[in-house]
Amino acid sequence: MTDSKYFTTTKKGEIFELKAELNSDKKEKKKEAVKKVIASMTVGKDVSALFPDVVNCMQTDNLELKKLVYLYLMNYAKSQPDMAIMAVNTFVKDCEDPNPLIRALAVRTMGCIRVDKITEYLCEPLRKCLKDEDPYVRKTAAVCVAKLHDINAQLVEDQGFLDTLKDLISDSNPMVVANAVAALSEIAESHPSSNLLDLNPQSINKLLTALNECTEWGQIFILDCLANYMPKDDREAQSICERVTPRLSHANSAVVLSAVKVLMKFMEMLSKDLDYYGTLLKKLAPPLVTLLSAEPELQYVALRNINLIVQKRPEILKHEMKVFFVKYNDPIYVKLEKLDIMIRLASQANIAQVLAELKEYATEVDVDFVRKAVRAIGRCAIKVEQSAERCVSTLLDLIQTKVNYVVQEAIVVIKDIFRKYPNKYESVIATLCENLDSLDEPEARAAMIWIVGEYAERIDNADELLESFLEGFHDESTQVQLQLLTAIVKLFLKKPTETQELVQQVLSLATQDSDNPDLRDRGYIYWRLLSTDPVAAKEVVLAEKPLISEETDLIEPTLLDELICYIGTLASVYHKPPSAFVEGSRGVVHKSLPPRTGSSESAESPDTAPSGVQAAEQPAVIPTQGDLLGDLLNLDLGPPVSGPPIATSAVQMGAVDLLGGGLDSLMGDESEGLRSDVGGSPAIGGGGFAPAPSTTMPTNLGAPLGSGLGDLFDLTGGVGTLSGSYVAPKTVWLPAMKAKGLEISGTFSRQVGSISMDLVLTNKALQVMSDFAIQFNRNSFGLAPAAPLQVHAPLAPNQSVEISLPLNTVGSVMKMDPLNNLQVAVKNNIDVFYFSTLYPLHILFVEDGKMERQMFLATWKDIPNENEAQFQIKDCSLNADAVSSKLQGSNIFTIAKRNVEGQDMLYQSLKLTNGIWVLAELRIQPSNPSFTLSLKCRAPEVSQYIYQAYETILKN
Amino acid sequence: MIHSLFLINAAGDIFLEKHWKSVVSRSVCDYFFEAQERASEAENVPPVIPTPHHYLLSVYRHKIFFVAVIQSEVPPLFVIEFLHRVVDTFQDYFGVCSEVMIKDNVVVVYEVLEEMLDNGFPLATESNILKELIKPPTILRTVVNTITGSTNVGDQLPTGQLSVVPWRRTGVKYTNNEAYFDVIEEIDAIIDKSGSTITAEIQGVIDACVKLTGMPDLTLSFMNPRLLDDVSFHPCVRFKRWESERILSFIPPDGNFRLLSYHVSAQNLVAIPVYVKHNISFRDSSSLGRFEITVGPKQTMGKTVEGVIVTSQMPKGVLNMTLTPSQGTHVFDPVTKLLSWDVGKINPQKLPSLKGSMSLQAGSSKPDENPTINLQFKIQQLAISGLKVNRLDMYGEKYKPFKGIKYMTKAGKFQVRT
C-alpha cells in the first residue's frame, strides 16, 4: 500500500469524486481524500476547486489531517481569498491550544497565507505567541514576523513587532535567538536603511553565547550577522575571532564558510606582528582544504570563495597546491575552478609540479578544459619568469601533437609570452609558422599574424605569409583584418623595398572595399601617416610596447575587499558585488573591510570609499594606476574640447574624433597587442577615446611614462586672485606615506570668473624634491590646469610651498562617479603619484547665472517633474535675506522671493561652466532650522552635488 | 531563504514541487533545462544558475536533480547543504532515494519537507527529531494505521528539539545496549605514468551506531590523536575538551550518525596499498593496439586487498578489445568505451593481470589522450593512516554496554594515469 495509489484516479470526474469523499462522514475516508488532493497538488495539478470542501475538514483533532489541510490552504488561499476567511476561526482557536505543537503550527500556517484579510487577524495571536512560555512557539513566531513583514511591512512596524523581535535576541533559548537573528536579517535585507540589527558589544556577546548552543542553521545566521559588526578595536576583533574559530571544525560546510568570512574580515584589524595573527592564518587552511572533499556542488562554491581568499591572502593556502590538482572525473565546473586557483598559487617553488600537471590536462578529452589548461601554461610563463623556458618548450611539445585546438590555443599564449619576454624565444617562430594552415579560429589567426608582423625582419618569407592571408581578406573577422593591416604596415616599415605593393593592396582593401568604420579609419590613418611623415609613422607603429603585466584577471583590489565581506554568498560565487545583480536590492549598503588598527600598517589597509559631504575632505588614493595612466595618456591625443559634458559631448566632438579616436585605437592596439576593438563608429565620441580595458591583457601599466607625461606639461594660462565665493579649508589629499614623502593638501576656490586649486606641497622625505608637474584625468566638467605647476625652487626636506594653480574647464570630458571626482597625477623627480579628490560644485557656478523671471517660470514648467529633487538642509539659522546674500557670493542668484503662509520662498538660479542651468526653490520657515531645497535641472544627476554645495556655503 | 524545491528526474520531468513561500511557476525550471542541455553529462550541470528573477541551486544525487529556487541573497552553501540533507533524510526514511520511492510516499515526503523548512528557514533537519514528528512508513505501521485509524504524525512536541542536546530524544530504551564505531578511510590519489604519487590524501570518517538507554555520556580516545589535525565534528562533540585533551566527549544521538570526519593531507605520508603496472600502446600505422595491466599489493600492512575493480574510459578510436584476465571477469562496452574488470581479491603470490589487444578504427591516427585507470578496492581491519582508537568509556548510566570498533580502508578517487 503506497501513496502512488493517490495518483491512479485520472479519469474524468475525478474532482467530483474527491468532493464526495471529502464530505464523507467517515474520518478515514476524509483523510484519504485529502491525501489524494495533496498528491495531485504536488505534481502541479490544479485542485483549487475543492477549496471549501477541504477547509471543512480543518476542524479536527486528528493532527495529520489538520496538517494536510494546512498544506492545502497555504497553496491555494491566495487564489480563494474570500473562502480562506472561513479558516480564520480555527486558526485563532488553535493559537490558544494547550499543546505547543498546535499553537506553533497555527501561527506558522497563518503566516504563510498571503491574504490581507487573514493577516489582520494574525496580529493578536502572533503577539501572544511571541511571548509564549514555550520556546518552540516563540521561535516559530519569530519567523512569522519575517513572513508578515514580507506581506505587509507597514503593519509589522505599526504593531511594534520589530521591537519584540529585537527583544528576542536576548532570549534565554539559543534557538529562539538564532531564529530572531535570521528573521531580522531577512527583514533588514529588504530595508537596508533601517538599522534593525543594532549591534553593540553586549548584543554581540549574546550572539556569541547563542552561537555555541544553537543548531547548525542558526549558527550560519548568527555568523553572517556577526560579519556585519565592526569591532571597536583590535582586541575586540581578536576576542570575537577566538570564539568563532571552533566553528571551523563544524561538519556543515556553510557554517565553516560563514566562520571563514568572519575571520577573514576581522583579521584585517589585527596587527600582523601578533602571534595570534599567525595562528589564525594556520587555522584557516585545513577547513578550506576539507571543503574540497565534499560533494562537487559544495566544492564548486568553496572553490569560487577560495579563489577570492587566495587573491586576498595567498599565504593561507600556499602550501596546499596539490589539493587543487584535477581528477579526471571531477565535473567540468570543478575542473575549471581548480585550474584557476592552481595558477594563482603557482610560484617558483612549485612550478615544476604545476607544469607537469598542466601538460597532463592538455591531453584530456574535454575541449574547454584542455584549452584552459594550455592557456594556463602561458599564464605560468608570464607569472613565474624562471619557468618561462620550460613553459615554452611544453607548449612546443603540445604543438607537435597537432591536435587542432591545442595548437591554436598554444599560439595565442605564445604571443603573450613574446610580449612579456621580447626577443627571447624567437627560435620557436619557425615551428609556429609550420602550423599556419591549420589555424581556423580568429583569435589564433590574429595572434599568428601579430607574431609575423612583429618579427617580420627575422622571418624571411614574412611577406609571403602575410600575403597568403590577404587573399581571403573580406572573409576574415574584424579582429584578423585589423591585425593583418597593422602587421603589413609593420612589415613595410621594416622592409620598405620589397613590400610596397603589398602595403598598397592592404590599404586599399581596408579603406575602399571595407565598410567597417574601425578598419577604414585605421587604414586611412596609416595611409596618411605613411604618406606625410614616414619617420613619424615608424615611431608610432613600431613604438616600443609596454610589457604586459604578470597577474592577469586579478580582481580589482577595492572590489576584492568588498567581495571578501561577502564570502559564502551568491556575490562570492559570481565575483560581483550584490548591487550588480541581486534583484530588488534597493540601495544595497556597500560593505567594506575594517581598517587595521595596529600602528605602522595603515598604509596597507584599503581605503574605504567615503560618502557624502565627508568625502570631500578625505583623500582617496587611486588604487590602480593602470587605468588612470591609460586615460592620462589619451589626454594629449585629442585636442581639448569644451562644451557641455555627458550626453551632448559626442556630437560636438565628432569632427576631431575621427582623428582622435583613430589615432587612439592605433595606439591602443600597438600597446595592447591583440585586442578586438570595441567601440564602433567614430560618432560614439568621447567614449571612444579610452582604449577599453581588456580583461585578458591589461597592459597599460608602466607604459611610456616619460614621453607621455612630458608632453602633458606645456599648457599655459593666467593666474587670478580676487575675492569671491566660499573657500573650504585645506585638507590633506595625498598623505606623505603614500607618496614617498610628498604631502599634498589643498582646496578649490573661485574668484571672479576664475577657478583655482590652492595647494600646499610639503616635503616630508629626506631628499630634495624638484621637477614638479601636475596633470588631471578627464573629468565630468573638463577641469584642467590652465598653467603648469610652477615650483620655482627645489623643495628642501621639511619645507612647504603654497601654490595657486589656475584651472580652466576646457579639458576633455568624461563622466565620473561621483560626478565631482577629480583624479590627479603629480610628478616630481622621485616618482609619479596619483590621488583623487572631490571638488565642491560651486566653483563651477558662473557669474552670469541669473535667469530672467519669465524665463525662469517657463523653464521651471518645461523641465519634467521627475527631474525634480528635494533635499533638507538642517540646522541653519540664517534668515531669508542673509541666505540670499550669502548664496549670491557664490553665484547662486535669487530671482524672486515670496512669502507664503509665513514661509519664505526663494527662487534661485545658477549656471554651471558647461552651460547647465539649475533652478532652485528654497523654503525657509522662520521657526524651523531645516530648509527645504527643491532643485530642477535638465541633467538631474547634478542635483545631489548642487545640494552639497548649498549646504557647504550656508553652513560656513 | 529557500523559496521552492523541484525534483526533476533524468528524463527532465518535474515530478514533485514544494513551495515554502508563494508559489513559483514551474516554468522557472526551463532555465535549468537549458543548462542541462548544454552540459554534456548530468554531473556537469552547474550547481548555481541565475535566471532573471531567481537563482536555481541544484544537487544531483541518485539520478535526481534537487533544484532549489531562491529569490534573494542566500548563502549558496546553506542551500546546497540543505538539499543534501533532504536527500539523506529521504534515504533514511525510505531506505533508498529514488523517483519511485518518492512517488510512493508522496504524502510523507510532503509532510517531511514542510517540517524541514518554515518560510525557507530550516526548522527540523535532525533525523531523530523528524522521525518523532513524522513517523517513517513501515509495512506494519501502515497496516496498524489502516485498522486503528491512527496516524503517522506525532502529536507531541519532540522532546529533544529544544533541550541542550537537540540531537537526542529522551526516554530511549533498549534491552541490548550497544555502541558500534566504524573507522572508514578513503584514499584519494593520483598516480602518474611511472608509478610515483602525485597527490594522495585520506578522507576519514567515524560512523557510529549507538543504541544506548537513557542519556549516556561517552568519551572516545585515540592512540595517536596527533593524526587528526583537520577534523569536522558532529555538533554533539564537546569542542573544548578536544582542544585541550584530544578526547572526544559527547552525548550521542540515538541510532546512526557520523561522529566525525577528518582529512589527512598530502603532507603527511599517505601509504599507497596497491600498484598498477600498465602497458597500453597504440601504433600509428596499425589498427591494433596492445593492452596489458597488472595489479599488485604495495603497502598493505599484511592485510588482504579485496573487492578490486579496475575501470578505464578508453579513447573513442577504440572499436573493441580482446582481453584475457588471469582472474575475475571483464566487460568492455563498445558504445560508451568503458572497460571494467572485476578482479576480486589480490593474491600476492599470483598477481592478477589482464592482457590482450585493442582493435582501432582503421585509417585514423592514434588517439590523442591516454586512458586513465580508476581503481576501487577495500581492505578490512585497517585504517591506512594508522589511526587507532584507544578506549571508549561511558558515564551517566549504570549498565554495561556492548562496544565494538571496526576499521576499513577503501579507494576513494584513486586514479592511475597511463
Side-chain angles (χ1 to χ4, degrees), chain A residues 1-4 27-28 35 38-39 42 44 62-64 67 71 100-101 108 114 135-136 143 146-147 173 175 182 189 215-217 220 246 249-254 257 286 289-290 293 295 297-298 300-301 322 325 327-328 331-333 360 363-365 401 403 568-570 573 578 582-583, chain B residues 1 15-17 22-23 26 43-44 46-48 53 55 59 72-73 75-78 80-81 84 103-107 110-111 114 118-119 121-122 142 149 151-153 155-157 161-162 166 190 198-199 203 229-235 239 261 263 265-266 368-370 372 413 415 417:
Chain A
M1 284 252 288
T2 67
D3 292 353
S4 55
K27 259 189 187 175
E28 203 42 42
K35 281 193 175 176
I38 299 284
T42 56
N62 183 317
L63 192 61
E64 185 177 21
K67 280 192 172 179
L71 279 175
L101 195 62
R108 181 177 141 197
R114 309 171 64 90
Y136 181 75
V143 175
K147 294 182 199 169
N173 186 295
M175 310 314 163
E189 202 183 322
T215 65
E216 50 199 311
W217 313 109
I220 301 169
S249 300
H250 202 288
N252 186 317
S253 60
L257 204 58
V289 171
T290 304
S293 53
E295 286 85 358
E297 298 92 359
L298 296 170
Y300 171 72
V301 177
K322 284 186 171 179
F325 284 0
K327 306 207 170 68
Y328 88 98
I332 181 74
Y333 55 83
E360 196 68 45
T363 61
E364 280 214 28
V365 194
T401 65
V403 180
T569 66
L570 280 172
V573 174
V582 172
E583 162 118 344
Chain B
M1 296 297 115
F15 65 92
L16 187 98
E17 57 180 272
S22 49
V23 177
R26 53 166 68 193
E43 286 82 6
N44 287 341
V48 186
H53 302 285
Y55 293 89
V59 305
S72 55
E73 175 67 272
L77 275 189
F78 155 83
I80 294 172
E81 275 278 1
H84 283 300
K103 276 187 171 165
D104 280 354
N105 295 288
V106 68
V107 176
Y110 221 63
E111 286 170 338
E114 180 61 24
D118 175 19
N119 196 36
F121 295 101
T142 326
T151 72
N152 59 349
V153 172
D155 55 3
Q156 285 305 311
L157 192 58
Q161 176 131 18
L162 289 156
I190 304 177
I198 294 178
T199 76
Q203 314 290 350
D229 62 343
D230 180 3
V231 280
S232 309
F233 296 117
H234 188 277
F239 190 73
S261 53
H263 179 248
S265 61
D368 308 322
E369 76 270 2
N370 291 324
T372 300
K413 285 188 165 181
Q415 313 189 336
R417 291 176 183 161

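We name chains A, B, ... by the order of the sequence lines, and we start the count at 1 in each one. As the structure is a computational prediction, the values presented were derived from the model and not from experiment.
A:Thr290 OG1 to B:Asp230 CG: the interatomic distance, rounded to the nearest 0.5 Å, is 3.0 Å. Atom NZ of A:Lys35 sits about 15.0 Å away from atom OH of B:Tyr110, to the nearest 0.5 Å. Rounding to the nearest 0.5 Å gives a distance of 7.5 Å between CD of B:Glu81 and CD1 of A:Ile220.
With chain B as the partner, the residue from A:Val573, A:Ile38, A:Val301, A:Val289 showing the most heavy-atom pairs under 4.5 Å is A:Val301. Ranking B:Arg26, B:Gln203, B:Met1, B:Glu114 against chain A, the residue ahead of the rest is B:Glu114, based on heavy-atom pairs under 4.5 Å. Counting heavy-atom pairs closer than 4.5 Å to chain B, the top-ranked of the candidates A:Ala251, A:Ala146, A:Ser253, A:Gly568 is A:Ser253.
Contact of B:Glu17 with chain A is made through backbone and side chain together, with heavy-atom distances under 4.5 Å. With a threshold of 4.5 angstrom between heavy atoms, B:Gln415 approaches chain A through side-chain atoms but not through N, CA, C or O. Both the backbone and the side chain of B:Thr372 come within less than 4.5 Å of a heavy atom in chain A. Both the backbone and the side chain of B:Phe78 come within contact range of chain A, with heavy atoms under 4.5 Å apart.
The heavy-atom pair separating B:Phe121 from A:Val143 by the smallest distance is CD1-CG1, 3.2 Å.
Taking the salt bridge (charged side-chain N to carboxylate O under 4.0 Å, His left out) definition, one finds that A:Glu297 meets it with nothing, sequence neighbours left out.
No side-chain heavy atom of A:Tyr300 sits under 4.5 Å from any side-chain heavy atom of B:Pro46. A 4.5 Å side-chain heavy-atom check between B:Asp118 and A:Lys147 finds at least one atom pair inside the cut-off. Counting heavy atoms from C-beta outward, B:Arg417 and A:Glu360 have side chains that approach closer than 4.5 Å. Here the side chains of B:Pro75 and A:Leu257 are not in contact, with every heavy-atom distance at 4.5 Å or above. For the pair A:Glu295 and B:Val59, the minimum side-chain heavy-atom distance is 4.5 Å or more.
Side chain of A:Lys327 to main chain of B:Ile190: no donor-acceptor pair is present (N/O by atom type, distance under 3.5 Å, no hydrogens or angles). Panel note: side chain B:Glu73, backbone A:Thr569; no donor-acceptor pair is recorded below 3.5 Å.
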